[in-house]
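Convention: sequence-line order gives letters A, B, ...; per-chain numbering from 1.
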2 protein chains.
Amino acid sequence: MALGDLSQSLGYRIRRAQLWVFRDVSQRLAPFDISPAQFSVLSVIDANPGVNQLAVAQVLSIERAGLGRMVDHLERRGLATRAESSINRRYYLLYLTRKGAELLGRLKPMIAESETSLAKKMGSRAYKQFQRTLSIFLEG
Amino acid sequence: MALGDLSQSLGYRIRRAQLWVFRDVSQRLAPFDISPAQFSVLSVIDANPGVNQLAVAQVLSIERAGLGRMVDHLERRGLATRAESSINRRYYLLYLTRKGAELLGRLKPMIAESETSLAKKMGSRAYKQFQRTLSIFLEG
DNA sequence: TATTGTTATACTCTATAACTATA
DNA sequence: TATAGTTATAGAGTATAACAATA
């Protein structure tokens, strides 16, 4: 069985690598009922307490409408809160609750394990070079 | 604005790289009303005339149910056909129609352009090393 | 006028299970 | 019993536009 043109496509290989990572991360986070996307939002709020929704959507390069629903979900689970801004009343200031911060603390080792398994699969030398090269995709 | 834990995650960078590639490919294929996933199926059928659906799903690492619907769609558009197997009547033998083969011929240069833009963004040296390293994700 | 967030809609993907027909 | 394919369903992700409130 041949992949045809796909076998020469780096874009397709990146897609397959991403699927591998996504499945690995999903399995490790499943016991906590957290998706990779939810982890990413918790991480950004944790790193930027009081951030507003649009800024989170922009740094993650996702749509604000989808992020709003994600925050609804995190709020319903008691992991994050929306506070009103006294400076700009269009903003919601996002914070992790204590419960959210505690959960994130337990998720971090799972993500670290996933990174380790990825480094093992790729080889640590390639892992480091990839880190450098792929940083260009974090903007835009 | 900080990404928090994500900034140290290669898995997340791979995700962002994949999003970049996906958007680039989608834009280039949009004039033909073809998605990246549809292109991948056309490529595999082209490279393996008479292949059955399960084999296509397996080589692309996707679900057979989803692939069935994709083939429905390609068949309705006159790009692929299902033929009955005289050897094993559970099989559908998949082929590109002439129209499908002609379309694929016009899509290939678009994908090649996307690969070029990716190589330019990453640097050709990294592009080549990535090709080698990421081949491990093509199985399983 | 432009920005932040919400709502609604629709489409795609993904995952699962149950079903058929064939082997 | 196992395999190839279909059908149905539900959930998640994505994209869009229209809208309200605020700047």
Side-chain angles (χ1 to χ4, degrees), chain A residues 1 12 15-16 18-27 29-30 33-41 45 48 50-77 80-94, chain B residues 1 12 15-16 18-27 29-30 33-41 45 48 50-77 80-94:
Chain A
M1 273 297 301
Y12 181 66
R15 167 67 175 158
R16 291 293 293 266
Q18 191 264 323
L19 276 179
W20 188 92
V21 169
F22 198 85
R23 284 168 184 163
D24 184 75
V25 170
S26 296
Q27 280 172 17
L29 297 184
D33 196 23
I34 289 288
S35 70
Q38 289 162 358
F39 174 79
S40 70
V41 173
I45 298 176
N48 307 277
V51 71
N52 67 67
Q53 292 189 180
L54 187 58
V56 174
Q58 282 171 346
V59 77
L60 290 174
S61 197
I62 61 178
E63 289 297 319
R64 60 187 175 162
L67 181 73
R69 283 193 303 271
M70 180 101 62
V71 174
D72 285 346
H73 182 249
L74 296 176
E75 209 176 20
R76 252 180 280 122
R77 282 183 64 180
T81 56
R82 288 172 162 110
E84 291 181 7
S85 167
S86 53
I87 296 165
N88 186 330
R89 288 165 60 201
R90 286 177 305 183
Y91 289 167
Y92 278 130
L93 308 183
L94 301 178
Chain B
M1 272 295 303
Y12 181 66
R15 167 66 176 158
R16 291 293 293 266
Q18 191 264 323
L19 276 179
W20 187 92
V21 169
F22 198 84
R23 286 168 184 164
D24 185 75
V25 170
S26 296
Q27 281 171 18
L29 297 184
D33 196 22
I34 290 287
S35 71
Q38 289 163 356
F39 174 78
S40 71
V41 173
I45 298 176
N48 308 277
V51 70
N52 68 66
Q53 292 189 180
L54 187 56
V56 174
Q58 283 170 346
V59 76
L60 290 174
S61 197
I62 60 179
E63 288 297 319
R64 60 186 173 161
L67 182 73
R69 283 192 303 268
M70 180 101 61
V71 174
D72 286 344
H73 182 249
L74 296 176
E75 210 177 19
R76 254 180 278 122
R77 282 183 62 178
T81 57
R82 287 171 162 109
E84 291 183 5
S85 167
S86 55
I87 297 166
N88 187 330
R89 287 165 60 203
R90 287 177 305 183
Y91 289 168
Y92 279 132
L93 309 183
L94 301 178

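- Counting any heavy atom pair closer than 4.0 Å across all strands shown, B:Gly68 reaches sugar-phosphate atoms only and no base atom.
- Put simply, CG on B:Leu67 is 16 Å from P on C:dT12, counting in whole angstrom units.
- A side-chain donor-acceptor contact under 3.5 Å links B:Ser40 to the backbone of B:Ala37.
- The CZ-P distance, from A:Phe22 to D:dA12, rounds to 11 Å in whole Å.
- Rounding to the nearest 0.5 angstrom, the gap separating the CG atom in B:Leu94 from the CG atom in B:Leu74 is 9.5 Å.
- For B:Arg82 and D:dT6, the shortest distance from a side-chain N or O to OP1 or OP2 is below 4.0 Å.
- Straight-line distance from the CE atom of B:Met70 to the C1' atom of C:dA15: 15 Å, rounded to whole Å.
- Residue contacts for B:Glu63: at a heavy-atom cut-off of 4.0 Å it reaches a base atom on one of the strands shown.
- Here A:Ser35 reaches the OP1 or OP2 of D:dG13: one of its side-chain N or O atoms lies under 4.0 Å away.
- If you check distances only, the side chain of A:Arg69 does reach the base of D:dT14 with a donor-acceptor pair under 3.5 Å.
- Between the P atom of C:dT20 and the OH atom of B:Tyr91 lies a distance of 22 Å, rounded to the nearest Å.
- Considering all non-hydrogen atoms of both residues, A:Asp33 and A:Arg77 come closest at O-NH1, 2.6 Å.
- Between B:Asn88 and D:dT3 there is no side-chain polar atom (N or O) within less than 4.0 angstrom of OP1 or OP2.
- A:Ala37 comes within 4.0 angstrom of sugar-phosphate atoms only, judged by non-hydrogen atoms across all strands, and of no base.
- Rounding to the nearest 0.5 angstrom, the gap separating the CG atom in B:Leu60 from the CG atom in A:Leu19 is 10.5 Å.
- Rounded to an integer number of Å, the gap from A:Leu54 CG to D:dA21 C1' is 15 Å.
- With distances taken from any side-chain atom of A:Arg90 to the nucleotides C:dA23, C:dG5, C:dA2, the minimum falls on C:dA2.
- Put simply, B:Gln53 has a side-chain N or O that comes within less than 4.0 Å of OP1 or OP2 on D:dT6.
- Rounding to whole angstrom units, CD1 of residue B:Ile62 and C1' of C:dA15 are separated by 13 Å.
- In this structure, of C:dT6, C:dC13, C:dT3, it is C:dT6 that holds the atom nearest to the side chain of A:Tyr92.
- When rounded to the nearest whole Å, the span between CZ of A:Arg23 and P of C:dT16 equals 10 Å.
- B:Arg89 comes within 4.0 angstrom of the backbone, heavy atoms only, and of no base.
- With rounding to the nearest 0.5 Å, the separation of CG in B:Asp72 from CZ in B:Arg69 is 8.5 Å.
- Look at CZ on A:Arg64: it is 10 Å from P on C:dT3, rounded to the nearest Å.
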